[in-house]
Amino acid sequence: MTPTLKKPSDLFTQDLAGTHKRSETESITPGSDTLASYDSNGYVILRGLLSAEVLKAADTALRDLLGPTGRNNFEGFSTQRAYALLAKTRALDPLIAHPQILGLLKARLHAQPLLSACLGINIGPGETPQMPHADDGFYPDMRPDARHGLSVIWAFDPFTRDNGATRTWPGSHLWRSGREPEDTDVWRPAVMEPGDALVFHGGLWHAGGENATQQGRLALTAQYCAPWLRTQENMSLAVPPQIVRTLKAPLPSLLGYQIHPPFMGHVNGMHPNRLLD
Ligand SMILES: O=C(O)CCC(=O)C(=O)O
């Protein structure tokens with residue numbers, strides 16, 4: 001039954017869809033220590049989240065999809081990337097929609113987020129440190145403490161100080177607008193084992209590290225944004241409906257097959273899921 005709107009605020013709280021009602025996705029509620037680290041440092045490392053089988057399948061698929069090295073010093077001239085991953089493999093789905101990540105998204109971003117970007121990053125031998133940045137940096141008015149995004153970096157290789165472990169500037173998600181890391185600001189490498197995940201606030205300054213070893217450092221990054229923002233990767237074009245139709249919840253919703261109340265995301269006045277029926 002479509003609800004009757006009684007007051008203006010009902011527009012933003014009521015689910016107006018007749019057929020494709022919003023549904024809760026299964027998630028794991030984060031513990032208080034996890035949230036305390038996320039809130040104060042701007043990041044938290046979740047350890048050992050994947051079974052050996054899931055990790056192996058994800059690792060094999062991602063390595064197969066890696067493209068050429070970067071076209072500028074942000075992508076990294078010695079770093080390979082892989083984009084549009086949801087159109088290319090199903091092996092990464094359990095990471096992108098991991099219940100622990102969904103729990104953090106619900107607690108600290110939004111219960112119906114969008115997947116803004118999802119890419120493989122293999123920092124190769126000899127790579128120089130990446131330019132520090134915040135993943136929310138391209139949204140205006142990102143501070144103070146605007147909850148625009150939440151990012152995850154999954155380690156597929158051991159992450160060490162020497163091989164390019166992601167550098168984080170603890171607490172930088174709380175910096176005033178316009179402040180950038182100085183040489184005197186201390187960064188920390190996110191030292192991780194394969195299957196660990198660095199989860200961070202979209203306002204956290206971070207960067208891929210320098211790789212002074214002879215091996216690559218492979219990661220998957222999944223970046224999520226609030227459902228009223230434009231996504232970095234144009235997911236509607238990157239992942240065609242015939243693939244989205246085969247995906248399990250909440251992946252279609254993460255890819256934009258959702259309505260943010262009252263009407264954001266409609267197609268021809270209808271819920272986008274009608275395209276999948
Ligand atoms: O690979 C990493 O450790 C971080 C890379 C990153 O933040 C990016 O390319 O946006």
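Hydrogens, waters and symmetry mates are skipped; everything else that's a heavy atom, side chains included, is used. Each ligand, and each atom within it, is numbered from 1 in the order the structure gives.
Those atoms of ligand 1 with a heavy atom of H133 less than 4.0 angstrom away are 6 (C), 7 (O), 8 (C), 10 (O). Close approach to H206 involves these atoms of ligand 1, each under 4.0 Å from a residue heavy atom: 7 (O). Near I121, meaning under 4.0 Å from any of its heavy atoms, are these atoms of ligand 1: 1 (O), 5 (C), 9 (O). The ligand atoms of ligand 1 that sit less than 4.0 angstrom from a heavy atom of G208 are 2 (C), 3 (O), 4 (C). Residue R81 has at least one heavy-atom neighbour below 4.0 Å for each of these atoms of ligand 1: 9 (O).
Scanning the protein heavy atoms around atom 5 (C) of ligand 1, the nearest turns out to be Q130 OE1, 3.4 Å. Of the protein's non-hydrogen atoms, R217 NH2, 2.9 Å is the one closest to atom 1 (O) of ligand 1.
Within 6.0 Å of CD on Q242 lie more than 12 heavy atoms contributed by other residues, nucleotides or ligands. Within a 6.0 Å sphere centred on CG of N268, other residues, nucleotides and ligands contribute 12 heavy atoms or fewer. Other residues, nucleotides and ligands contribute more than 12 heavy atoms inside 6.0 Å of the CZ atom of R47.
Checked against a 3.5 angstrom limit, the closest N/O atoms of Q223 and ligand 1 fall outside it.
Aromatic rings of W205 and H173 (six-membered ring for Trp) have centroids beyond the 6.0 Å cut-off, not under it.
Residue contacts with ligand 1, taken as heavy atom pairs separated by less than 4.0 Å, do not involve E75 at all. With a heavy-atom cut-off of 4.0 Å, I153 touches ligand 1 through its side chain alone. Of all the heavy atoms of M131, none lies under 4.0 Å from any atom of ligand 1, so neither backbone nor side chain is involved. Neither the backbone nor the side chain of R167 comes within 4.0 Å of ligand 1, counting heavy atoms alone.
A donor-acceptor contact shorter than 3.5 Å links the side chain of R245 to the backbone of L275. Under a 3.5 Å cut-off, the side chain of D196 and the backbone N or O of G48 do form a donor-acceptor pair.
With respect to the salt-bridge test (charged N to carboxylate O, under 4.0 angstrom), the residues D157 and R63 qualify. Taking the charged nitrogens against the carboxylate oxygens, D185 and R179 do have a contact shorter than 4.0 Å, which makes a salt bridge.
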